[in-house]
Chemist: 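Below is a structure I'd like to ask you about.
Quick note: numbers below take in every heavy atom, side chains included, and nothing from hydrogens, waters or symmetry partners.
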Amino acid sequence: TAAGNIPVLDGSGQIASGVLSNAAVADNAITLAKMAHGTDGELITYDATGAPANVAVGTSGQVLTSGGVGVAPTFQTAASVTFEPMCRAYLGSSLSAIDDTVQIMPFNQTEYNLGSAWDTTNYKFTVPSGEAGYYLIHAQLYIWNSSYGIRSGSLYINKSGSNIMTGGIGQDIDTNKTRSDTMSATTIRYLSVGNYIQIKGVCDFDSGSTTSNWVESSTEVSIFKLRS
C-alpha cells in the first residue's frame, strides 16, 4: 500500500491477500511476539514444496541430522564411537628366553579383550567379521638376565605371518653389560577381516647365557581399532 494508507481487511479481520506486499514490511519488523506459538524443542524448517514446517521434538542427547535434498532434518540418536575390537594381552608368568632364537610371545592373559579378538591359546589377535579397518598396535618386551649382559634384541610385529614393524636394543657388552632392557614398537596398519597379529622376540646374550627371561606383565601388546 502507499505510505499513509490503511491496508484493506477481509471478512475475518485479517489483511486481505495480496494487499500487503513483501516490500511494505520493513526488515526486522516482525518480532518473536508476532510469531505463532509452537512446541518447545521444535525447530522451523521448509518442506519439499518450500513451505515452512516444523522439525519434531527429539529426545535428550539426540542430534539434528540432515535427510538430504528435499527431506526435512530430524533429530536422531548419535552414532556411538567405540574403539573395538580392543585388547591388552600379556605374559601371565615369566618365559625363559632362548639365546639367539626367535620366540612367539605366548600372551596368555588379558586385562581387557573387547570383541574377543585376542586368542590366549594361539597367542594372536584376529580381525573379526565386519571389523576391517585401521588399527593401532603397540608391543613391548622386557628382557632380564641374571648373570650376563645383553648384546642385542629385536621385537617383531607380525601380520598374518609377515613382519611389519621391528623394535630393538643394542648394548656394548665390554663397557655396559646391561642385564635388563625394554624394547618396543608401535605402528598403525590397515587390517582386513581374518588378518592376525602376533608378537615375536629374540635376544643375543653374552656367553650364550640361558639364564634369561621375558618378564611377565611388562611383556605385552595393546591393539585397538581406530576407524574403518
Chemist: Just jot down the salt bridge (charged side-chain N to carboxylate O under 4.0 Å, His left out) partners of K200, sequence neighbours excluded, or say none.
Modeler: none
Chemist: Quick one: are W214 and M105 in side-chain contact, heavy atoms under 4.5 Å?
Modeler: yes
Chemist: Working to the nearest 0.5 angstrom, can you tell me the gap between Y142 OH and S180 OG?
Modeler: 3.5 Å
Chemist: Give, for atom CD1 of I223 and atom CD1 of I157, the distance between the pair rounded to the nearest 0.5 Å.
Modeler: 8.0 Å
Chemist: Do L141 and I137 share a hydrophobic cluster (ILVMFWY, side-chain heavy atoms under 4.5 Å, transitive)?
Modeler: yes
Chemist: Do side-chain atoms of D119 reach the backbone of T121 as a donor and acceptor pair under 3.5 angstrom?
Modeler: yes
Chemist: Mark yes or no for whether Q76, through its side chain, and V63, through its backbone, hold a donor-acceptor pair below 3.5 Å.
Modeler: no
Chemist: Same cluster or not: I104 versus V202, using hydrophobic residues (I, L, V, M, F, W, Y) connected whenever any side-chain heavy atoms lie under 4.5 Å apart?
Modeler: no
Chemist: Might you point out which heavy atoms bring P85 and E131 nearest each other, and give the distance in Å?
Modeler: CD-OE1, 3.8 Å
Chemist: Output yes when a side-chain donor or acceptor of Q140 lies under 3.5 Å from a complementary backbone atom of S218, and no otherwise.
Modeler: yes
Chemist: Any chance you could lay out the side chain to side chain donor-acceptor pair (under 3.5 Å) test for E216 and S93, step after step, and finish with the verdict?
Modeler: CA-CA 5 Å; E216 72 273 19; S93 59; over 6 Å; no
Chemist: Can you name the salt bridge (charged side-chain N to carboxylate O under 4.0 Å, His left out) partners of E111, sequence neighbours left out?
Modeler: R88
Chemist: Return the minimal non-hydrogen interatomic distance between I169 and D181, and the atom names on each side.
Modeler: CD1-CB, 3.7 Å
Chemist: Linking I/L/V/M/F/W/Y whenever any side-chain heavy atoms sit under 4.5 Å apart, do L114 and L136 land together?
Modeler: yes
Chemist: What I'd like to find out is whether the side chain of C87 reaches to under 4.5 Å of the side chain of F125, using heavy atoms alone.
Modeler: yes
Chemist: Looking at V57 and D40, what are the two nearest heavy atoms and their distance?
Modeler: CG2-O, 3.4 Å
Chemist: L91 and P106: which non-hydrogen atoms are nearest, and at how many Å?
Modeler: CD2-O, 3.4 Å
Chemist: Taking everything shown except L226 itself, do over 12 heavy atoms lie less than 6.0 Å from its CG?
Modeler: yes
Chemist: Check whether any side-chain heavy atom of N195 lies under 4.5 Å from a side-chain heavy atom of T126, and answer yes or no.
Modeler: no
Chemist: Relative to each other, are the rings of W118 and F107 parallel, tilted or perpendicular (30° and 60° limits)?
Modeler: tilted
Chemist: Under the ring pair (Phe, Tyr, Trp, His ring centres under 6.0 Å) test, which residues partner Y134, sequence neighbours left out?
Modeler: Y190
Chemist: Determine, step by step, whether Q198 and N158 satisfy the side chain to side chain donor-acceptor pair (under 3.5 Å) criterion, reporting the C-alpha distance in whole Å, the side-chain angles of both residues, the deciding distance to 0.1 Å, and the verdict.
Modeler: CA-CA 5 Å; Q198 279 187 316; N158 276 198; over 6 Å; no
Chemist: D47 side chain to T49 main-chain N or O, any donor-acceptor pair under 3.5 Å?
Modeler: yes
Chemist: Could you state the interatomic distance from OH (Y90) to CD (Q109), rounded to the nearest 0.5 Å?
Modeler: 5.0 Å
Chemist: What pair of heavy atoms forms the shortest contact from R189 to I164, and how long is it?
Modeler: NH2-O, 2.7 Å
Chemist: If you round to the nearest 0.5 Å, how far is CE of M183 from CG of L155?
Modeler: 6.5 Å
Chemist: Please give me the minimum heavy-atom distance between S184 and H138, naming the atom from each residue.
Modeler: CB-CE1, 4.0 Å
Chemist: Atom CZ of F224 and atom CE of M86: how far apart are they, to the nearest 0.5 Å?
Modeler: 6.5 Å
Chemist: Could you tell me if the side chain of I44 sits less than 4.5 Å from the side chain of M35, heavy atoms only?
Modeler: yes
Chemist: Quick one: pull up CG in N108 and OH in Y123 and give me the separation to the nearest 0.5 Å.
Modeler: 6.0 Å
Chemist: Test side-chain contact (heavy atoms from CB on, under 4.5 Å) on I197 and Y135 and set out the steps.
Modeler: CA-CA 11 Å; I197 296 295; Y135 285 78; over 6 Å; no
Chemist: Decide side-chain contact (heavy atoms from CB on, under 4.5 Å) for I199 and Y156; before the verdict, give the C-alpha distance in whole Å, the side-chain angles of both, and the deciding distance to 0.1 Å.
Modeler: CA-CA 6 Å; I199 307 302; Y156 305 108; over 6 Å; no
Chemist: Evaluate the side-chain proximity of Q103 to L95: yes if any heavy-atom separation is below 4.5 Å, no if none is.
Modeler: yes
Chemist: Between D99 and F205, is there a donor-acceptor pair closer than 3.5 Å when you use the side chain of the first and the backbone of the second?
Modeler: yes
Chemist: Run the side-chain contact (heavy atoms from CB on, under 4.5 Å) check on T120 and T110 step by step: do they pass?
Modeler: CA-CA 8 Å; T120 55; T110 58; 3.9 Å; yes
